[in-house]
**Q** 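Can you read through this structure? Questions will come right after.
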Amino acid sequence: MNAAPLEDRMLRAPVYVAALLATATVFGQTTPVSVQPDLVLTNIGTIASGPPAQMVLGPDGRLYISLATSGENAPSVVSYAYDPAGTLTAPVVEASTGGAIGLGFGPVTLGRPGSAEAVATTGLYLTDMARNGISNLRVLTRGRGATYGGAGGTNTVIVQNIPGGYHQADQIIIKDNTLYVGIGVRTSDGVTPHPTPQSARDNAYGGTISQILDLRLVNGLVTDSAGFGLTGDSRSNTAPDYHNAGPYTSTAPDKLIVHSSGARNPFGLALDRNGDLWFTNNFSTTQSHGTFDGTIDPVTHILKGFDPGDLDLPDAKAPDLENNVYDQLFKARPRGDYGSNNINWRTDARHSNPEATSDAAVQAGFFNFATNGVRSATFDNLRPRAGGFTQYDQSDINRIVGLGPGSSADGFVFYSGTTFPVAYRGKAFITRYTGKTSDSNGHSVSYRDLVAVDVATGIGRLIAKDFVHPLAALEDGHGNVLIADYATRTMYRLSPAPARGTTPARGTTPVR
């Protein structure tokens, strides 16, 4: 996610949707949300404290929501009592650290791990909203007032100064005591930020899925206990941090290290039914239009074909949308390379990265795609179809090829329940949002929807459309999927449609 509140990262691009979905009028929504006729979308409340960015169910059974607020002491996390058949009740502001994107619960040690005085407890981990070009990872523990970081609790930045000037650290997943977080913007050489220099020091973190292998070994009382003491300005530092036990080479179980690299802007993280990690990756239409050829200018460090003027929203005009790289869905692989800013952008031997010339740069960036390459599970338009590139088309809402150019594929969850119809089970439910983007040929695209993707085939199905800005997604443990709208702060519950003759879910008119 960008440091600016989501608008720049929520890229700019088209929807050609046939009106085949049933219309469900949801309270509080100006435009009715349309949903597949065998599902129901219900408004279950509004998040009053701030715009929602990620959701998790806490160890106490409450629903915890990170808030993309701003201001030094603005609310960062709110929790609600959650009823799978009712609405959100009993809100509690759990943390006020100035806004957060990612959150998750995991172990932490208060004191030096292994020492007699150390206390093992459960921590609330956050990725801070980026400020002044940096974002942080922090952990909070409960205090006497039963909120995190309150009186008697702790609030510690455990990794500081993560690059955050163009994108930042985004959503979190914690599995088996390991924390995973996506960090945006791949570097061009393992050191230099891309596309323009930013203010954070260790740019080798950029464009990665990074991890802390064992949260039990993190000292939640010590600032930067899981970091590398990253300070300063990358433009004035001559010694990069990708060597000497840096994030790509270290195997420290208590430090933030790189799991895999080569993403442009990883945002949503989710686990499938086998416990494997997946993530959504945002491409920019302005970095992949018709004049784009995957080559970086060695002087400006800007991709050839990149026009900064294309960033003007919401009516940006860029060359031919049909030549744009689509947003992606990856299955994460240790030491994998996802292809951003290297030869994989277009499978053409002429277009290699001119800056990945040293062994250090190659090791820092995992640039050897032939060995480490991972392809998107969904069509990504990196390799043209037979006959060349074609205009993105999702007029068949039950067979969508690819997530689309600039779709801002964001929060998502694998549906593991059994209450939805069989066709939806095991699918990746992904939110997409962007304002209207038009190209020089008069084509336009916009997304405000939820799609279900079969990762075995890469084919998607439109589930619901006409949200305002859908972002976070979560399975509630009762066979439903929760969707949070960043713009309206509305929380929706997606459920199976009731059998004929029964009463529709509260907050929804009968589907038609």
**Q** List in chain and number order the residues that pass side-chain hydrogen bond (donor to acceptor under 3.5 Å, both in side chains) with D276, two or more places apart in sequence or in another chain; answer none if no residue qualifies.
**A** K331
**Q** On a heavy-atom basis, which atom in D449 and which in Q394 lie closest, and how many Å separate them?
**A** OD2-NE2, 4.3 Å
**Q** Taking side chain as C-beta onward, heavy atoms only, is M55 less than 4.5 Å from Y64?
**A** no
**Q** Would a 4.5 Å heavy-atom cut-off, applied to side chains only, mark V413 and L474 as touching?
**A** no
**Q** Using a 3.5 Å distance criterion without hydrogens, assess whether the side chain of S34 forms a donor-acceptor pair with backbone atoms of K465.
**A** no
**Q** Which pair of non-hydrogen atoms, one from T127 and one from D170, has the smallest distance, and what is that distance?
**A** OG1-O, 2.7 Å
**Q** Would you find a donor on one side and an acceptor on the other, under 3.5 Å apart, between the side chain of N136 and the backbone of V157?
**A** no
**Q** Does a side-chain heavy-atom distance below 4.5 Å link I430 with L403?
**A** yes
**Q** To the nearest 0.5 angstrom, please state how far the CG atom of L269 sits from the CD1 atom of I172.
**A** 9.0 Å
**Q** Using the ring centroid of each side chain, check whether W278 and F414 are separated by less than 6.0 Å.
**A** yes
**Q** Give a yes or no on whether the backbone of G99 and the side-chain of S76 come within a donor-acceptor separation of less than 3.5 Å.
**A** yes
**Q** Is it true that Y447 and Y433 have ring centroids separated by less than 6.0 Å?
**A** no
**Q** Where do S70 and A74 come nearest, in terms of heavy atoms and distance?
**A** O-CB, 3.2 Å
**Q** Please step through side-chain hydrogen bond (donor to acceptor under 3.5 Å, both in side chains) for the pair T154 and T156, ending with a clear verdict.
**A** CA-CA 6 Å; T154 62; T156 307; 4.9 Å; no
**Q** Once rounded to the nearest 0.5 Å, what's the spacing between atom CG of D224 and atom CD1 of I158?
**A** 9.0 Å
**Q** Let's go through T223 and Q160 carefully: what are the C-alpha distance in whole Å and the side-chain angles of both, what is the deciding distance for side-chain hydrogen bond (donor to acceptor under 3.5 Å, both in side chains) to 0.1 Å, and is it a yes or a no?
**A** CA-CA 8 Å; T223 298; Q160 60 184 345; over 6 Å; no
**Q** Assess whether atom CZ of R216 is packed by more than 12 heavy atoms of other residues, nucleotides or ligands within 6.0 Å.
**A** no
**Q** Looking only at heavy atoms, which two atoms of I174 and G104 are closest? And how far apart?
**A** CD1-C, 3.6 Å
**Q** Under 3.5 Å, side chain of N281 to main-chain N/O of R264, donor-acceptor pair present?
**A** yes
**Q** Does R62 use its side chain to pair, donor to acceptor, with the backbone of Y82 at less than 3.5 Å?
**A** no
**Q** Spell out, as yes or no, whether a donor-acceptor pair under 3.5 Å connects the side chain of D485 to the backbone of V468.
**A** yes
**Q** Could you give me the CA-CA distance, side-chain angles and deciding distance for N480 and S495, then say whether side-chain hydrogen bond (donor to acceptor under 3.5 Å, both in side chains) is met?
**A** CA-CA 5 Å; N480 308 303; S495 310; 3.1 Å; yes
**Q** State whether the side chain of S446 and the backbone N or O of K436 hold a donor-acceptor pair below 3.5 Å, judged by distance alone.
**A** no
**Q** Are any non-hydrogen side-chain atoms of V78 and I47 less than 4.5 angstrom apart?
**A** yes
**Q** Side chain to side chain contact (heavy atoms under 4.5 Å, CB included) for V77 and Y148? Distances and angles first, verdict last.
**A** CA-CA 9 Å; V77 180; Y148 288 86; over 6 Å; no
**Q** Ion pair present between R138 and D128, side-chain N to carboxylate O less than 4.0 angstrom?
**A** yes
**Q** Does either side chain, that of S376 or that of T378, offer a donor lying less than 3.5 Å from an acceptor on the other one?
**A** yes
**Q** Is it the case that the side chain of T431 and the backbone of L471 share a donor-acceptor pair, with hydrogens and angles ignored and the cut-off at 3.5 Å?
**A** yes
**Q** With side chain to side chain contact (heavy atoms under 4.5 Å, CB included) as the criterion, how do E72 and R131 come out once you've worked through the C-alpha distance, each side chain's angles and the decisive distance to 0.1 Å?
**A** CA-CA 10 Å; E72 186 174 354; R131 285 183 283 180; 4.0 Å; yes
**Q** Does the separation of the ring centres of F267 and F412 fall below 6.0 angstrom?
**A** no
**Q** Can a side-chain donor-acceptor contact be found between N398 and Q36 if the only test is distance below 3.5 angstrom?
**A** yes
**Q** Run the numbers on I162 and I183 for side chain to side chain contact (heavy atoms under 4.5 Å, CB included), then give the verdict.
**A** CA-CA 8 Å; I162 299 170; I183 302 172; 3.7 Å; yes
**Q** Sub-3.5 Å donor-acceptor pair from the side chain of T42 to the main-chain atoms of I44, do we have one?
**A** no
**Q** Set out, in order, the CA-CA distance, both residues' side-chain angles and the distance that settles side chain to side chain contact (heavy atoms under 4.5 Å, CB included) for T147 and V92, then state yes or no.
**A** CA-CA 8 Å; T147 60; V92 173; 4.0 Å; yes
**Q** Does the ring center of F420 lie less than 6.0 Å from the ring center of Y415?
**A** yes
**Q** Is there a side-chain contact between Y125 and L215 (heavy atoms, below 4.5 Å)?
**A** yes
**Q** Measure up the H259 and Y180 rings against each other and bin them: parallel (under 30°), tilted (30 to 60°), perpendicular (over 60°).
**A** perpendicular
**Q** P421 and L39: which non-hydrogen atoms are nearest, and at how many Å?
**A** CD-CD2, 4.1 Å
**Q** Flag the pair V453 / I459 as yes when at least one side-chain heavy-atom distance between them is below 4.5 Å, and no otherwise.
**A** no
**Q** Quick one: CZ on R493 to CG on D476, what's the gap to the nearest 0.5 Å?
**A** 7.5 Å
**Q** What do you reckon, are the aromatic ring centroids of F467 and Y492 less than 6.0 Å apart?
**A** yes
**Q** Which label fits Y326 and Y392: parallel for a plane angle under 30°, tilted from 30 to 60°, or perpendicular past 60°?
**A** perpendicular
**Q** Return the CG to CG distance between L41 and L450, rounded to the nearest 0.5 Å.
**A** 8.5 Å
**Q** Roughly how far apart are H469 NE2 and R489 CZ, rounded to 0.5 Å?
**A** 13.0 Å
**Q** Are L110 and T141 close enough that some pair of their side-chain heavy atoms sits under 4.5 Å apart?
**A** yes
**Q** Rounded to the nearest 0.5 Å, how far apart are CG of L271 and CD of E475?
**A** 11.5 Å
**Q** Do I257 and L213 have side-chain heavy atoms sitting under 4.5 Å apart?
**A** yes
**Q** Are F279 and Y338 an aromatic pair by the rule of ring centers under 6.0 Å?
**A** yes
**Q** Shortest non-hydrogen contact from Q171 to A53?
**A** NE2-O, 2.9 Å
**Q** Hey, does the side chain of D176 reach the backbone of T178 with a donor-acceptor pair shorter than 3.5 angstrom?
**A** no
**Q** Step by step, would you call D38 with Y424 a side-chain hydrogen bond (donor to acceptor under 3.5 Å, both in side chains)?
**A** CA-CA 10 Å; D38 49 2; Y424 302 117; 2.6 Å; yes
